[in-house]
Structure formats: C-alpha cells, structure tokens
J.: 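This is the structure I have questions about; it appears just below.
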Number of protein chains: 2
Amino acid sequence: MQRVFEALSSPVRRKILAYLAHADLTAGEIAARFEISKPAVSQHLSVLENAGLVTSEKKGQFVHYRLVAEALANTLNGYVQEVCPVSRPLKKESAALAGKASRPTSD
Amino acid sequence: MQRVFEALSSPVRRKILAYLAHADLTAGEIAARFEISKPAVSQHLSVLENAGLVTSEKKGQFVHYRLVAEALANTLNGYVQEVCPVSRPLKKESAALAGKASRPTSD
DNA sequence: TCGGTATTTAAGTAATAGCTTACACACGCG
DNA sequence: CGCGTGTGTAAGCTATTACTTAAATACCGA
C-alpha cells in the first residue's frame, strides 16, 4: 500500500497509468510520450512495477507494459472504505469487483 | 488531485486521516499519537489541509481538525474510475456518493 | 558474426521532503 | 498584566527523489 501511494504521487507515473489504461505499450512507446529521457521513464516504470500497478513482459527486444487495474482499484477502494465512513455502503460492490486481485497489505 | 496524492504518499499523513476518521481531534491530540515532534505533525497537517483532506477550526487555544471524507472519496473514486475500466460499472453509485463534494481538478 | 535498436543499469548532481530545535504568536486565567 | 499552554513559523540539516549522460546488456536481422 505504501508503494502504491508513493507510485501515485508522481504526475508522470499517473500519466503512464492513464496511457496503459487505453492500451498496452512498450517501454519505448511510453517514453516517446514524455519529454524526459528514456532512463527516467524506465525508472518510473520500475516504481510502478514494484508497486504492483503494472506488469512487464519481454517480447524479443521489446518490453510490453500492462496496467494491473485490479491492483489499483483494490488498493484505492480499500483505502477509501477504511477511512471514509461515507463510502461504506459501496463496500460489497467494490469487494466483488476486486475479485481475484490480491488484497492490499496493511500499511 | 496532485496535492491529494502527494498528501497520501506519507504513512504519517495516512495515519492522521485514519485517526480523524474516528473522531475530530486537536493538533495536540494528534501529535501525542506520534513520536515525532509537534512541529513535524503541524507540517503534516498543513499538507493535508492544503490538499483539502482536512479542515481546521480554532476554538480558543485549540485547533480542531476534521476529516473531509467526501474530498478523499471523491478524488480517489474519481481517479480509479478514470484509470480502471474494471470499475466503470460503479461510476453512477460513486458519483451519487460524492454528492455535494467538489469535483477533483484535472491533473 | 557484426551492427543497429530497445531497454536497463550505473554514476553523479540538483531539487525536494521531512525532521529537529529554537522561537514567535495567540489565548485563557490567576 | 504576566505566565503557562497550545499551536504554528523559521532556519537549518539530512536523506531521498528525480533527473541527466554514459555505458552495459539483450535481441534481431543482414
């Protein structure tokens, strides 16, 4: 959970997730969408992967990155339910959606 | 939105929110729950307040802090819906819950 | 095998975040 | 008024983060 929130604190990383929400992309395709250097993007991708928000698969020379939407939804929804009494009514639905995704670890 | 995620990236600040989820507390009561100095806690509270996640009200010498649950739920639910196709079915319910809370600004 | 492309690792630097102590301010009460 | 308490501000230190360039690794195709 710490790693997830840490990962989400960067605008660049949130933008990467937004791109991956539409389609899987290679490291190079992602880097091309930013003005910063490729190694910088690669480091951001590592942070996202360590947080469990994306996964990577090497295909030949290319590394394809994919969003792990369940991890994101599970962690954020879980946190909101934990802190906000207001959202408790949604608990059941959200849990159902989280489905087979792994539970977020405690702080 | 940036400020919200930035605020949530700190374990101390998330813990503060957790305390405030149960009851309103004064700055001193919050500080007493941590081992760090009072000024440090005060700075964390400023970050949370700037993010719109808490509000403060001065009563005599004391400053009472209160969680703004709608802001937290609204921002996080909104972000999840934006990035995770999986959670789109919940959109309507979440929007209803968000209710009168202000919309999160774009990145 | 050689050369080019895709990606990551390494090393170094600059900006930022979080902490501490010391101080300042505001309030309530004797 | 003057003192103690609650809180926030200021200044300074340290550690971490985000970036850069240069180099290493891995793969494909001629």
Side-chain angles (χ1 to χ4, degrees), chain A residues 1-20 22-68 75 79 107, chain B residues 1-20 22-68 72 75 107:
Chain A
M1 176 177 200
Q2 171 55 30
R3 288 188 181 177
V4 170
F5 279 112
E6 204 174 297
L8 293 176
S9 72
S10 156
V12 171
R13 289 191 288 263
R14 287 200 306 278
K15 203 168 181 182
I16 290 175
L17 294 181
Y19 284 132
L20 293 178
H22 292 95
D24 293 1
L25 296 170
T26 68
E29 288 171 333
I30 295 169
R33 288 163 165 76
F34 293 89
E35 298 199 335
I36 61 179
S37 68
K38 286 180 184 179
V41 173
S42 183
Q43 285 160 15
H44 282 302
L45 287 168
S46 291
V47 172
L48 288 170
E49 190 162 20
N50 287 332
L53 297 177
V54 307
T55 57
S56 63
E57 188 181 355
K58 189 164 189 176
K59 288 185 182 176
Q61 312 175 266
F62 301 88
V63 178
H64 292 258
Y65 282 88
R66 182 172 59 79
L67 176 68
V68 183
T75 302
Y79 180 71
D107 246 13
Chain B
M1 176 178 200
Q2 171 56 29
R3 289 187 180 177
V4 170
F5 279 111
E6 205 173 296
L8 293 177
S9 72
S10 156
V12 171
R13 288 191 290 263
R14 288 200 306 278
K15 204 168 180 182
I16 290 175
L17 294 181
Y19 284 131
L20 293 177
H22 291 95
D24 294 2
L25 295 171
T26 67
E29 288 170 333
I30 295 169
R33 288 162 165 76
F34 294 89
E35 299 200 334
I36 61 180
S37 68
K38 286 179 185 179
V41 173
S42 182
Q43 284 161 16
H44 283 301
L45 287 169
S46 291
V47 172
L48 289 170
E49 190 162 19
N50 286 332
L53 297 177
V54 307
T55 57
S56 62
E57 188 181 355
K58 190 164 188 174
K59 289 186 182 175
Q61 312 176 266
F62 300 88
V63 178
H64 292 258
Y65 282 88
R66 181 172 59 80
L67 176 69
V68 182
L72 183 58
T75 303
D107 246 11

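Below, read A as the first sequence line, B as the second, and so on, with proteins coming before strands; counting in each chain starts at 1. All of these numbers come straight from a predicted model, not from anything done at the bench.
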J.: Looking only at non-hydrogen atoms, find the nearest pair between B/L72 and A/Y79 and report the distance.
T.: CD2-CE2, 4.0 Å
J.: Nearest whole Å is fine: how far is C/dG18 P from B/F34 CZ?
T.: 13 Å
J.: Starting at CD of A/Q2 and ending at C1' of D/dT17, how long is that distance when rounded to a whole Å?
T.: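 In whole Å, D/dT17 C1' and A/Q2 CD are 14 Å from each other.
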J.: Let's see if you can work this out: which of D/dC27, C/dC19, D/dC19 has an atom nearest to the side-chain heavy atoms of A/K58?
T.: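 Selected nucleotide (nearest to the side chain): D/dC27.
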J.: Distance check needed: C/dA17 C1' versus B/I36 CD1, whole Å only.
T.: 12 Å
J.: Using 0.5 Å steps for rounding, measure from the OG atom of B/S56 to the CG atom of B/D24.
T.: 11.5 Å
J.: Mapping B/S46 and A/E6 to their closest nucleotides on DNA chain D, which lands nearer the 5' end?
T.: B/S46
J.: Can you confirm whether B/H44 sits close enough to B/I36 that some side-chain heavy atom of one is under 4.5 Å from a side-chain heavy atom of the other?
T.: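 Yes, their side chains come closer than 4.5 Å.
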J.: Has the side chain of A/R13 got a donor or acceptor atom that lies under 3.5 Å from a matching backbone atom of A/L8?
T.: no
J.: Whether A/H44 contacts D/dT17 is assessed here as follows: a side-chain N or O lying under 4.0 Å from the phosphate OP1 or OP2. Is that the case?
T.: no
J.: Can you find a pair of side-chain heavy atoms, one from A/Y19 and one from A/E29, that are under 4.5 Å apart?
T.: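 Counting from C-beta outward, A/Y19 and A/E29 never come under 4.5 Å.
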J.: Once you round it to whole Å, what is the distance between P of C/dG18 and CG of B/L48?
T.: 11 Å
J.: Is a side-chain N or O of B/Q2 found less than 3.5 angstrom from the main chain of A/S9, in a donor-acceptor match?
T.: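 Yes, B/Q2 side chain to A/S9 backbone: donor-acceptor pair under 3.5 Å.
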J.: Whole-Å distance between D/dT17 P and B/F5 CZ?
T.: 18 Å
J.: Would you kindly give the CG-to-P distance between B/N50 and D/dG8, to the nearest whole Å?
T.: 12 Å
J.: What's the CD-P distance between B/Q43 and D/dA10, to the nearest Å?
T.: 11 Å
J.: Scan nucleotides 5-8 of chain C against the protein and return all N/O pairs shorter than 3.5 Å with their distances rounded to 0.1 Å.
T.:
unit_1	atom_1	unit_2	atom_2	d
C/dT5	O2	A/Q61	NE2	2.7
C/dT7	OP1	A/A27	N	3.3
C/dT7	OP1	A/V63	N	3.4
C/dT7	OP2	A/G28	N	2.6
C/dT8	OP1	A/Y65	OH	2.6
C/dT8	OP2	A/S42	OG	3.1
C/dT8	O5'	A/S42	OG	3.4

